[in-house]
Amino acid sequence: MDEIKLEIYDILKGAIRAAIESGELPISDVPEIPFSPTKTPEHGDIATPVALGLAKSAKMAPRAIAEIIVKHVDCDKCPHIRDLEIAGPGFINVYLSNEWLDDTLKTIVDAQDAYGSGEIGIGKRVQIEFVSANPTGPLNIVSGRAAAVGDTLVNLLNAVGYEAIREYYVNDAGGQVERLGESIDVRYRQALGEKNLEIPEGGYQGEYLQEFAQTIAAEEGDAYLKLSQEERVELFRDKGVEHLLGQQKVSLERFRVNFDVWTSEKAIRDSGKPDEIIEMFREKDYLYEAEGATWFRMTDFGDDKDCVVIRTNGEYTYFVPDAAYHHDKFDRGFDKVIDLLGPDHQGHVTRLKNFVKALGLADDWLEVDIIQQVNLVDSDGNRRDMSKRQGQFLTLDSLIDELADAVGERFAVDVARYFFLMRANNSHLDFNLELAVTQANENPVFYIQYAHARCCSIFQQGKEQQIELKPSTEVSLALLTEAHEHELIRKLAEFPAIVLSSAEEREAHRIPHYLHELAGIFHPYYNQHRVLDASNMERTYARLILIQSVQTVLANGLRLLGISAPESM
RNA sequence: GUGCCUGUAGCUCAGUUGGAUAGAGCGUCAGCCUCCGGAGCUGAAGGUCGGGCGUUCGAGUCGCCCCAGGCACGCCA
């Protein structure tokens, strides 16, 4: 679809130029020519409203302009255009030729796994940081969504040529992991029989810490009671981080998300970079002292208040290591850095961008996208709330466990990923638990996977009848004359443009939607037209090429989403 | 109070740089299996795109003002 647009673009541009030179079109420059695939076959395959846009400057009726443009088009020059027509208020509708349909299928069959990929990002390194949950508990549902989205965005960027990596920032320093150490300490002493202890303010109530502390008590006994409270908290903090981070890694692997780089906040702090950043800020006069703390002039960057970077107790607030971390990303040579943050971090976005600006980096170097919240619901719409620190919250693992009980592990991950990916990042997501486990037509994941399995099944069936796929060059694709076939090929041709736009716009949800639409054209086609037909072998071979193409695109799309493309279900 | 996000069919949501008659799934109702997998297909009903004003050939899309909902506003991360 991209190549054809370029072809048409050149041809129309040439026609408009010719019309200007002949004096028929009283404008000075050739304008931008917008295109859109049409919504209905009645409007051809591709349409452009270019004549409408010229009406004002040319002071002519749009239809008259369109007629002049079309008159100057040399259709013989472009074998991919079958016809041009002027319609409605002055649209120019382009009908594509059978040769174009043939070429599309041949391209897909030749490219196979590579169909849909592009080269726009070649030579550019991109880093996406996502999930980055505190190592103080299991991953929650929103982290699951972020994991699915981030993982898919990396796939998409890599598909269009970028060199993209997945990175996880481990918040293993600061107050929150301190509270973790204290919480484990309490649980540990409780496990050894101590009474009247309470989890400190801001601590973690979860049962998982009780279990963890009990394990320590069972294995090590009261050995740690000999240490001072301070030493013990520090030890438990480190043990806890290691344990919980390990569990997060297990959960992520189970969810088919594999990070390339894990960066430790503690390591950043120990590296001395935060001190350098503070020094630099001080030199640039971004800092001042007040109320015993050191403040950053955030208001100079347009924010409504300044913020503390060094507390009265002398410790950095998290902004400092965070700024240092982003500077480190820059030092590592990324051309573009994307942070996916949770819904509770949106207040942080402008501040983070301001810090990056303060570091002297370009405005568009850092991109921050918010992954909105997820609500788990029943078909009735009843919500199952997730609360972060009440002890009982729904985790990514418990969600997959629940799905796996119904559809098995493999499809549980498939379904969860699909549901997390089907909505735009900034829109709230209602995750319908009942729909997710339905193994029926209403479940969009199965609908798509079933289409793929059906394609495979046709080949299986063909094999039994001694009918094999022929090379596309030996097949008469002109026999694909059904309207359904035309529609299918058109949809297949859109795939590379969908991949490109969803990578560039960071809109992973366009892929699930596209695949669902493709399956929605394939299923009726399958239902109405037989592929394997011994009485018409020439057409059978042609249709096998088409089926092969559908299968390839479905598989390629699902692979980008990290969802399996089953050969049978 | 300030900032960000959202508001499209009964429900959940798509709608690429403004383009022709605003789409899909679920739900509801009515149909289709001697035939490559019925996890499928066909059809019907269902809309003041939250409201108003503006920009222009043309607005769900852009601008401004309201209304409603969500979230964030710590010397936590």
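So that the names make sense, note that chain A is the first sequence line, chain B the second, and so on, each numbered from 1.
For the C1' atoms, the distance from B:rU61 to B:rG18 is 6 Å, rounded to whole Å. Rounded to a whole angstrom, the distance from the C1' atom of B:rA20 to that of B:rC41 is 30 Å.
Closest approach to the A:His516 side chain among B:rA20, B:rA39, B:rG25 is made by B:rG25 (side chain taken as heavy atoms from C-beta onward). The side chain of A:Ala87 sits closest to B:rA20 out of B:rA20, B:rU2, B:rC35. Out of B:rG19, B:rC13, B:rC36, the shortest distance to the side chain of A:Pro49 is found at B:rG19. Of the candidates B:rU21, B:rC73, B:rC71, B:rC73 carries the atom nearest the A:Lys305 side chain, counting heavy atoms from C-beta on. Closest to the side chain of A:Glu291, from the set B:rC75, B:rG37, B:rC13, is B:rC75. For A:Val308, taking side-chain heavy atoms from C-beta onward, the closest of the listed nucleotides B:rG38, B:rC75, B:rA77 is B:rC75.
Comparing A:Thr350 and A:Phe319, the nucleotide of RNA chain B nearest to each residue sits closer to the 5' end for A:Thr350. Between A:Gly88 and A:Ser457, the one whose closest nucleotide on RNA chain B sits nearer the 5' end is A:Gly88.
Between A:Arg530 and A:Glu482, none of the side-chain N atoms (NZ, or NE/NH1/NH2) sits under 4.0 Å from a carboxylate O, so this pair counts as no salt bridge. Between A:Glu517 and A:Lys491, at least one side-chain nitrogen of the basic residue sits less than 4.0 Å from a carboxylate oxygen of the acidic one, meeting the salt-bridge criterion. The pair A:Asp339-A:Lys329 meets the salt-bridge criterion, since a charged nitrogen lies less than 4.0 angstrom from a carboxylate oxygen. At a threshold of 4.0 Å, the pair A:Glu265-A:Arg269 counts as salt-bridged, since one of the basic side-chain nitrogens sits closer than that to a carboxylate oxygen.
Taking side-chain N and O atoms only, A:Arg311 has a distance below 4.0 Å to OP1 or OP2 of B:rC76. OP1 or OP2 of B:rC41 has at least one side-chain nitrogen or oxygen of A:Tyr447 nearer than 4.0 Å. Residue A:His509 places at least one side-chain N or O closer than 4.0 Å to OP1 or OP2 of B:rG15. Side-chain N/O atoms of A:Arg543 include none lying less than 4.0 angstrom from OP1 or OP2 on B:rC36.
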*Along nucleotides 55-62 of chain B, 5' to 3', which nucleotides get a B, which get an S, and which get a -, given that the test is a protein heavy-atom distance under 4.0 Å?*
--B-----

*asked:* Using a 4.0 Å heavy-atom cut-off to protein, can you give one letter per nucleotide of nucleotides 5-10 of chain B, 5' to 3': B if the base is in contact, S if only the sugar-phosphate is, - if neither?
replied: SS----

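Between A:Tyr325 and A:Tyr169, the ring planes are parallel. Angles under 30° get that label, and only those over 60° would be called perpendicular. Between A:Phe301 and A:Phe296, the ring planes are parallel. Angles under 30° get that label, and only those over 60° would be called perpendicular.
The partner of B:rG31, taking Watson-Crick or G-U wobble pairs whose two distances both stay under 3.5 Å, is B:rC41. With a cut-off of 3.5 Å on both pairing distances, the Watson-Crick or G-U wobble partner of B:rA72 is B:rU2.
The aromatic ring of A:His345 does not sit over the base of B:rA72, since the test of centres under 5.5 Å and planes under 30° is not met.
The base of B:rA77 is not paired with the side chain of A:Asp172 by any donor and acceptor separated by under 3.5 Å. A donor and an acceptor atom never sit less than 3.5 Å apart when one is taken from the side chain of A:Thr317 and the other from the base of B:rC75. Looking at A:Tyr450, its side chain has no donor and acceptor atom pair within 3.5 Å of the base of B:rA39.
At the heavy-atom level, A:Asn93 lies under 4.0 Å from base atoms of the strands shown.
The NZ atom of A:Lys13 lies 8.0 Å from the CD atom of A:Glu32; values are rounded to the nearest 0.5 Å.
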*Carefully, step by step, assess A:His326 and A:Phe355 under the rule ring pair (Phe, Tyr, Trp, His ring centres under 6.0 Å).*
CA-CA 9 Å; A:His326 282 82; A:Phe355 273 114; 9.8 Å; no

*Carefully, step by step, assess A:Val94 and A:Thr38 under the rule side-chain contact (heavy atoms from CB on, under 4.5 Å).*
CA-CA 9 Å; A:Val94 180; A:Thr38 58; over 6 Å; no

Quiz: residues 423-430 of chain A side-chain donor-acceptor pairs under 3.5 angstrom, not counting sequence neighbours:
unit_1, atom_1, unit_2, atom_2, d
A:Asn425, ND2, A:Arg506, O, 3.3
A:His428, NE2, A:Gln372, OE1, 3.4

